[in-house]
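Report on one structure; see the data block that follows.
Values below: all heavy atoms of this structure, side chains included; hydrogens, waters and symmetry mates excluded.
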Amino acid sequence: MAAEARNGKRPRYVHVPNFGEHAFVDLSAVATIDKEDLSKVTHKHGVSSDMEIRNFGRRVARRFGRFAFPDDVVPWLKPLEDLVQKKHEKNSAEGEALRQVCQFRVECAAKWSEGAPYSLTLCVILYSDVLPSLSTASGEDDDFDIPLNSRLKQWLYNDDMTPRASSDKIARELQKSDTPPEDIHWLWIALAQSWAQKCAPAPRDQSPNVMAAVEMIEADVVSEDRYPLSRYRLSEELDLDHLSGPSPV
């Protein structure tokens with residue numbers, strides 16, 4: 001959990017780097033301190049560099065300003081939360097793949113305010129050095145221009161292009177050192193699709209309203225340096241605490 005918090009995936013906790021790897025601000029406890037009392041307390045700067053200050057400010061702001069997913073959508077997203085919690089720090093192929101994800105973001109094709117059913121896209125945003133650079137006919141990386149060889153296609157997909165291989169098997173294939181760059185792209189796409197495919201309510205959560213809330217969940221894979229601001233502004237970050245169910249009344 002500490003590693004997730006340091007990486008910004010636990011919005012309740014914000015890392016204070018100058019106090020060590022396991023020092024965090026717990027944003028669930030907020031209190032007012034009299035200035036006179038505060039002036040008597042010696043202090044040490046918890047953050048120093050511009051990047052540390054920027055990250056600290058953003059993570060505090062996210063805790064109090066983040067988007068609230070509709071209650072009936074939360075059970076659809078919870079399986080991905082469970083997957084990340086279970087595997088993110090594991091010494092496994094899928095754990096390694098999850099650690100290469102900069103952010104998960106959710107895009108809604110229409111406005112959230114228009115109500116259910118929602119068509120969603122799970123955006124898997126990778127760190128900038130994860131995907132290899134490829135030259136295609138269009139001169140840019142384009143999934144539709146990157147060749148998918150028939151052997152890999154048959155291994156990855158069913159006839160209807162839904163993922164055939166499990167997310168764990170796909171992640172293990174990504175770990176192989178001799179995997180061609182073109183295959184790496186398609187493996188990441190299939191892995192994202194497999195993660196999106198896991199997003200379905202557990203039997204105990206399958207009320208009529210929940211089942212009617214989501215029409216479909218697609219997946220997209222984007223490098224962090226190619227995810228445009230226009231998409232960022234129209235999407236919401238998926239984080240672990242954010243997916244907690246409604247508090248009991």
Verify the cluster assignment for [X] and [Y]: are they in a single hydrophobic cluster under the rule of side-chain heavy atoms below 4.5 Å apart?
X      : Y      : result
Trp76  : Val124 : yes
Tyr127 : Leu191 : yes
Phe19  : Leu27  : yes
Val222 : Val130 : no
Leu152 : Met161 : yes

Worked check of side chain to side chain contact (heavy atoms under 4.5 Å, CB included) between Thr162 and Gln197: CA-CA 9 Å; Thr162 56; Gln197 200 174 54; 3.9 Å; yes

All pairs passing salt bridge (Lys or Arg N to Asp or Glu O under 4.0 Å) where residues 148-167 contributes a residue, at least two apart: Arg151-Asp183

Can you name the nearest heavy-atom pair linking [X] to [Y], along with the distance?
X      : Y      : result
Ala190 : Leu156 : CB-CD2, 3.7 Å
Ile217 : Cys199 : CD1-CB, 3.6 Å
His185 : Pro132 : NE2-O, 2.8 Å
Val221 : Ile189 : CG2-CA, 3.8 Å

Partner set under salt bridge (charged side-chain N to carboxylate O under 4.0 Å, His left out) for Glu96, not counting sequence neighbours: Arg99

With rounding to the nearest 0.5 angstrom, report the [atom1] to [atom2] distance, [X] to [Y].
X      : Y      : atom1 : atom2 : value
Ile125 : Gln100 : CD1   : CD    : 15.0 Å
Leu126 : Asp225 : CG    : CG    : 10.0 Å
Cys123 : Glu218 : SG    : CD    : 10.5 Å
Thr42  : Lys44  : OG1   : NZ    : 11.5 Å

Show me the donor-acceptor pairs within less than 3.5 Å that the side chains of residues 45-56 make with the rest of the protein, sequence neighbours left out.
{"from": "Ser48", "atom 1": "OG", "to": "Asn18", "atom 2": "ND2", "distance (Å)": "2.7"}
{"from": "Ser49", "atom 1": "OG", "to": "Glu52", "atom 2": "N", "distance (Å)": "3.1"}
{"from": "Glu52", "atom 1": "OE1", "to": "Ser48", "atom 2": "N", "distance (Å)": "2.7"}
{"from": "Glu52", "atom 1": "OE1", "to": "Ser49", "atom 2": "N", "distance (Å)": "3.2"}
{"from": "Asn55", "atom 1": "ND2", "to": "Met51", "atom 2": "O", "distance (Å)": "3.4"}

Qualifying ring-ring contact (aromatic ring centres under 6.0 Å, His included) pairs with a residue from residues 153-177, counting only residues at least two apart or across chains: none

Pair Val73-Leu120, side chain to side chain contact (heavy atoms under 4.5 Å, CB included): steps then yes or no: CA-CA 10 Å; Val73 173; Leu120 307 179; 4.2 Å; yes

Side-chain ion pair, Lys86 and Asp82, N-O less than 4.0 Å: no

Donor-acceptor contacts, no H, no angles, side chain residues 203-212, under 3.5 Å, sequence neighbours left out:
{"from": "Gln206", "atom 1": "NE2", "to": "Pro201", "atom 2": "O", "distance (Å)": "3.1"}
{"from": "Ser207", "atom 1": "OG", "to": "Val210", "atom 2": "N", "distance (Å)": "3.3"}

Quick one: are [X] and [Y] in side-chain contact, heavy atoms under 4.5 Å?
X      : Y      : value
Trp188 : Leu174 : yes
Leu122 : Asp220 : no
Tyr118 : Pro70  : yes
Leu238 : Leu80  : yes
Glu81  : Leu77  : no

Identify each donor-acceptor pair in which a side-chain atom of residues 104-116 lies under 3.5 Å from a protein atom, sequence neighbours left out, and give them as a table.
{"from": "Arg105", "atom 1": "NE", "to": "Ser235", "atom 2": "OG", "distance (Å)": "2.7"}
{"from": "Arg105", "atom 1": "NH1", "to": "Gln103", "atom 2": "OE1", "distance (Å)": "2.8"}
{"from": "Arg105", "atom 1": "NH2", "to": "Tyr232", "atom 2": "O", "distance (Å)": "3.4"}
{"from": "Arg105", "atom 1": "NH2", "to": "Ser235", "atom 2": "O", "distance (Å)": "3.1"}
{"from": "Glu107", "atom 1": "OE1", "to": "Arg231", "atom 2": "NH2", "distance (Å)": "3.2"}
{"from": "Glu107", "atom 1": "OE2", "to": "Tyr227", "atom 2": "OH", "distance (Å)": "2.9"}
{"from": "Glu107", "atom 1": "OE2", "to": "Arg231", "atom 2": "NE", "distance (Å)": "2.8"}
{"from": "Glu107", "atom 1": "OE2", "to": "Arg231", "atom 2": "NH2", "distance (Å)": "3.1"}

Keeping the roles fixed (side chain from [X], backbone from [Y]), state whether a donor-acceptor pair exists under 3.5 Å.
X      : Y      : answer
Ser223 : Arg226 : no
Glu224 : Ser128 : yes
His15  : Gly20  : yes

Sequence-distant partners of Glu182, side chain to side chain contact (heavy atoms under 4.5 Å, CB included), two or more places apart: Leu134, Ile146, Pro147, Pro180

Side chain to side chain contact (heavy atoms under 4.5 Å, CB included) partners of Ala200, counting only residues at least two apart: none

Please set out all donor-acceptor pairs under 3.5 angstrom arising from side-chain atoms of residues 30-38, sequence neighbours excluded.
{"from": "Asp34", "atom 1": "OD1", "to": "Glu36", "atom 2": "N", "distance (Å)": "2.8"}

Chi angles and distances behind the side chain to side chain contact (heavy atoms under 4.5 Å, CB included) call for Leu98, Val84: CA-CA 7 Å; Leu98 286 167; Val84 174; 4.2 Å; yes

Residues which pass side chain to side chain donor-acceptor pair (under 3.5 Å) with Glu94, listed by chain and number, not counting sequence neighbours: Lys87, Ser167, Trp195

Side chain to side chain donor-acceptor pair (under 3.5 Å) against Ser194, all qualifying residues, sequence neighbours excluded: none

Residue pairs passing the side-chain hydrogen bond (donor to acceptor under 3.5 Å, both in side chains) test where at least one lies in residues 169-180, sequence neighbours excluded: Asp168-Arg172, Glu173-Lys176

